[in-house]
Amino acid sequence: MISLHKLLSLVPMLFLTGTITSLNASQLVDNLKAGKDQVVVVYGTSLTEGGAWVAQLGQWLNSQGFPGKATVINKGVGGSTTVSHGIKDFDRDVMEQKPDTIIIEFGMNDCIRRLADPNANPPRLEDQSQAAVPLEQFHKNLVTMVERLRKELPATEVFLMTMNPAFDSTPTPNSGKYREALSDYYQKIRDIGAAKSVHVIDIYPEWLALQKADPAKLKVFIPDGVHPTTAGNEAITTPAIKAALTR
């Protein structure tokens, strides 16, 4: 019989950030181990479209010696939201691909609320009244995607994913200012994960930990305040995804 001390020592393993709360490998990894080729769709914003983590994920999956092979299809669109891309292109970019696994990444642009700026072209004399996609609409859009997948592609493994923080930078001085509500949008992703029993790859806390421990390194990894470099993805984003897939 396992001792109480031993049992308590295992509890923290269930709450690691950047991982799903499971001690088993993902369906994706299990199927690759079983020799079943897998289609993985990654769906989201420029953090996906131009994110080095996508290629890093594919390379990692296909370098493990699994008899099955993974095809990772990048369906990210720069500047997109759950409205302009997520719902609008869902049939073409997700359902028609019939993915075995999908990773959904949105929020960075949904939360944008542009503030008054007389120097803008054209000038903005008043604050934008609400976010590009209001928080409750963002929640509804993600739930719609999850429920459609479960109804129409019930065998598909679904992951929702939070990403990095945004902050003002010299190249893009309003990167963080316009996204002050970003953490609320990422919390909605966690809420959906809990309510709908959907895996959440929660990378945001990993980035916040770096921001607290080494702010200078964060600025090196995300020089424009939004988009991690290849090295930044390799150091933070990709390891968190690997951990989520192999727990």
Side-chain angles (χ1 to χ4, degrees), residues 19-22 24-49 51 53-55 57-58 61-62 66 68-111 132-163 185-203 241-242 244-247:
T19 66
I20 56 178
T21 53
S22 168
N24 300 315
S26 64
Q27 174 181 299
L28 170 61
V29 170
D30 285 344
N31 284 341
L32 291 172
K33 288 180 177 179
K36 300 175 183 178
D37 292 345
Q38 299 287 283
V39 173
V40 181
V41 168
V42 292
Y43 194 53
T45 69
S46 59
L47 299 180
T48 293
E49 182 183 34
W53 66 268
V54 179
L57 172 62
L61 288 171
N62 289 319
F66 300 144
K69 295 302 176 186
T71 299
V72 180
I73 301 173
N74 191 332
K75 291 296 183 179
V77 171
S80 67
T81 68
T82 55
V83 172
S84 67
H85 175 46
I87 294 295
K88 175 177 170 287
D89 300 326
F90 197 70
D91 284 316
R92 181 194 69 196
D93 287 352
V94 176
M95 304 305 289
E96 291 180 12
Q97 308 302 320
K98 294 182 170 54
D100 298 291
T101 294
I102 181 167
I103 299 174
I104 300 174
E105 170 272 311
F106 284 100
M108 183 62 77
N109 301 319
D110 289 76
C111 73
V133 179
L135 187 58
E136 291 308 315
Q137 185 64 48
F138 174 74
H139 177 273
K140 180 180 178 181
N141 291 343
L142 286 179
V143 168
T144 297
M145 294 183 217
V146 169
E147 291 183 344
R148 282 202 61 194
L149 284 160
R150 286 192 165 161
K151 180 180 180 180
E152 300 173 43
L153 296 174
T156 298
E157 181 179 38
V158 181
F159 291 89
L160 301 177
M161 186 163 70
T162 70
M163 290 291 274
Y185 283 68
Y186 285 160
Q187 184 57 49
K188 278 295 181 185
I189 292 173
R190 298 185 194 100
D191 293 345
I192 294 168
K196 297 293 181 180
S197 298
V198 178
H199 298 312
V200 176
I201 306 175
D202 196 4
I203 305 175
I241 296 171
K242 290 178 183 179
L245 295 177
T246 53
R247 284 285 167 189

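Quick note: numbers below take in every heavy atom, side chains included, and nothing from hydrogens, waters or symmetry partners.
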Problem - Nearest-0.5 Å distance that lies between atom NE2 in His139 and atom CD in Gln187 - result: 10.5 Å
Exercise for the section: Would you mind listing every salt bridge (Lys or Arg N to Asp or Glu O under 4.0 Å) that reaches into residues 68-80, with sequence neighbours excluded? Expected result: Lys75-Asp93
Completion exercise
side chain to side chain donor-acceptor pair (under 3.5 Å) filter on Asp91, not counting sequence neighbours, yields Arg148
Problem - Partner of Leu32 under side chain to side chain contact (heavy atoms under 4.5 Å, CB included), chosen from Asp37, Leu245, Leu61 - result: Leu61
Practice task
State, yes or no, whether a side-chain contact exists between Val83 and Lys88 at a heavy-atom distance under 4.5 Å.
Solution key: no
Exercise for the section: Using a 4.5 Å cut-off on heavy atoms from C-beta on, say whether the side chain of Leu142 contacts that of Val198. Expected result: no
Exercise for the section: Working to the nearest 0.5 Å, report the span between CG of Asp89 and OG of Ser84. Expected result: 8.0 Å
Practice task
Identify the heavy atoms of Asp30 and Ala25 that sit nearest to each other, and give their distance.
Solution key: OD1-CB, 3.4 Å
Practice task
Would you mind reporting whether Trp53 and Val42 have side-chain heavy atoms less than 4.5 Å apart?
Solution key: yes
Handout entry: Sole candidate of Ile192, Ile102, Ile201, Asp202 that passes side chain to side chain contact (heavy atoms under 4.5 Å, CB included) when paired with Leu160
Key = Ile192
Practice task
Could you check if a side-chain atom of Met161 sits within less than 4.5 angstrom of a side-chain atom of Ile241, using non-hydrogen atoms only?
Solution key: yes
Completion exercise
What one should report as the nearest heavy-atom pair of His85 and Ser80 is CB-CB, 3.3 Å
Practice task
Take Thr81 and Phe138 through the test side chain to side chain contact (heavy atoms under 4.5 Å, CB included) and record every step on the way to the result.
Solution key: CA-CA 9 Å; Thr81 68; Phe138 174 74; over 6 Å; no
Exercise for the section: Go through the structure and list residues passing salt bridge (charged side-chain N to carboxylate O under 4.0 Å, His left out) with Lys242, not counting sequence neighbours. Expected result: none
Handout entry: Partners meeting side chain to side chain contact (heavy atoms under 4.5 Å, CB included) with Thr71 (sequence neighbours left out)
Key = Ile73
Practice task
Scan for side chain to side chain donor-acceptor pair (under 3.5 Å) pairs involving residues 94-103, sequence neighbours excluded, and state none if there are none.
Solution key: Thr101-Glu157
Handout entry: Thr82: side chain to side chain donor-acceptor pair (under 3.5 Å) partners, not counting sequence neighbours
Key = Asp110, Asn141
Practice task
Would you please indicate yes or no on a ring centroid separation below 6.0 angstrom for Tyr43 and Phe106?
Solution key: yes
Practice task
List the steps, then state whether side chain to side chain contact (heavy atoms under 4.5 Å, CB included) holds for Leu153 with Met95.
Solution key: CA-CA 8 Å; Leu153 296 174; Met95 304 305 289; 3.8 Å; yes
Problem - Glu105 side-chain N/O to Thr45 backbone N/O, donor-acceptor pair under 3.5 Å - result: yes
Problem - Intermediate values then yes/no, side chain to side chain contact (heavy atoms under 4.5 Å, CB included), Val94 and Leu149 - result: CA-CA 9 Å; Val94 176; Leu149 284 160; 3.9 Å; yes
Handout entry: Exercise: identify the closest heavy-atom pair between Val133 and Tyr185
Key = O-OH, 2.7 Å
Exercise for the section: Rounded to the nearest 0.5 Å, what's the gap from CZ on Phe66 to NZ on Lys36? Could you check? Expected result: 14.5 Å
